[in-house]
There are 2 protein chains.
Amino acid sequence: MNTAKKSSVSSTLRRTRQRDAIRDVFHREHRPLRAEEVCALAKQVVPGIGLATVYRALKQLVERGELTEVRVPELDNVLYESADKGHHHHFCCRRCERILDFDGCAMKTGPLAPPGFVVESHEVYLYGVCADCAAAL
Amino acid sequence: MNTAKKSSVSSTLRRTRQRDAIRDVFHREHRPLRAEEVCALAKQVVPGIGLATVYRALKQLVERGELTEVRVPELDNVLYESADKGHHHHFCCRRCERILDFDGCAMKTGPLAPPGFVVESHEVYLYGVCADCAAAL
DNA sequence: ATCGGTGCAAAGCCTTTGCAAAGGT
DNA sequence: ACCTTTGCAAAGGCTTTGCACCGAT
């Protein structure tokens, strides 16, 4: 889909307050975040930061392999999280709307797709109520 | 998320050429389709049909339980398919960009989420090369 | 002094909505 | 007739892009 337009993944990528602030956000929050959330959190450090800058930074960091996009089917926005986590999947809490990682793979090892299909990767999404919300009921 | 606005799921839902054409599309194509695709296919029967009409019909049919939304993480658009299929998941071919159903559930039955989490439903997406594309290589 | 980065506003893309005309029942 | 449905165009929501100024190296 993305045919790597001008993504000169080699360019220098200068160090700026904005980008530092954005990286820090992910070091503090250990869960997938929406661009808007990243922007709000980054504003605590760099008040003037704009949404466009956040989007640009997120895209670069994804290209660099520092972040990963997380698209939860039931949600409308793309989320971002650190790419330095091992293989894991996502749990979507229908109460608090948060997305949480859960380690370990829930996939069987047996035949998954019909014969003739080549499976390169997979994603699993669980929906329900997270531990916090369940405890609060 | 959708707090059921005015969805009077009880109203009469008149029979129109447009809606018939849209239903027929799903009876012919047995795979998830984008609104644009549905519109193009429906135009073969009702040339003047507009995209807005398709979107409205799709939404109603989903509310009625005739169709289901399919949101593949790697794709940007929502897809729709008949709801009368059993539990299944989706395979996304990275060559032809088509989404194909595959029966059977690839999930383990063991512990999926951390303790305390209540799992209500799940979705699995496989990515790779479909049988047709693999054969053509 | 360069040339990438930033903020703002405008543009894009898909989807939804407003409205008057058309069409079912 | 009554009231839903349609088609068109305009509006929305999120993300990207154009541009002039700012700032890191």
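Below, chains carry the letters A, B, ... as their sequence lines are ordered, and counting in each starts from 1.
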Using atom [atom1] of [X] as one end and atom [atom2] of [N] as the other, report the distance to the nearest whole Å.
X	N	atom1	atom2	result
B:Glu63	C:dT16	CD	C1'	13 Å
A:Leu13	C:dT6	CG	C1'	14 Å
B:Leu51	C:dC13	CG	P	14 Å
B:Lys59	C:dT16	NZ	P	5 Å
A:Leu61	C:dG5	CG	P	11 Å

Test: [X] and [Y] ion pair at under 4.0 Å:
X	Y	answer
A:Arg17	A:Asp24	no
B:Asp103	B:Lys85	no
A:Arg71	A:Glu123	no

Where the side chain of A:Arg14 is concerned, which of C:dG24, D:dG23, C:dG18 is the nearest nucleotide?
-> D:dG23

Consider the side chain of A:Arg56, meaning its heavy atoms from C-beta on, and name the nucleotide among D:dT16, D:dT6, C:dG7 that approaches it most closely.
-> C:dG7

Taking only heavy atoms on the protein side, list every residue of residues 15-31 of chain B lying under 4.0 Å from any atom of DNA chain C, sorted numerically.
-> B:Arg15

For the residue pair A:Ser82 and A:Glu66, establish whether any side-chain heavy-atom pair is separated by less than 4.5 Å.
-> no

Side chain proximity check, A:Glu81 to A:Arg31, heavy atoms < 4.5 angstrom = no

Per nearest nucleotide of DNA chain C, the residue lying toward the 5' end, A:Val46 or B:Ala35, is A:Val46

So does B:Arg15 have more than 12 non-hydrogen atoms from other groups sitting under 6.0 Å from CZ?
-> no

Aromatic ring proximity A:His122/B:His89, centre distance under 6.0 Å | no

With respect to the phosphate group of D:dG7, does any side-chain polar atom (N or O) of B:Thr53 fall under 4.0 Å of OP1 or OP2?
-> yes

Scan nucleotides 9-14 of chain D nucleotide by nucleotide, 5' to 3', and note B when protein non-hydrogen atoms come under 4.0 Å of the base, S if they reach only the sugar-phosphate, - if neither.
-> B----S

Across all chains, not counting sequence neighbours, the salt bridge (Lys or Arg N to Asp or Glu O under 4.0 Å) partners of A:Lys43 are none

Contact summary for A:Leu61 and A:Arg23, nearest pair of heavy atoms = CD2-NH2, 3.9 Å

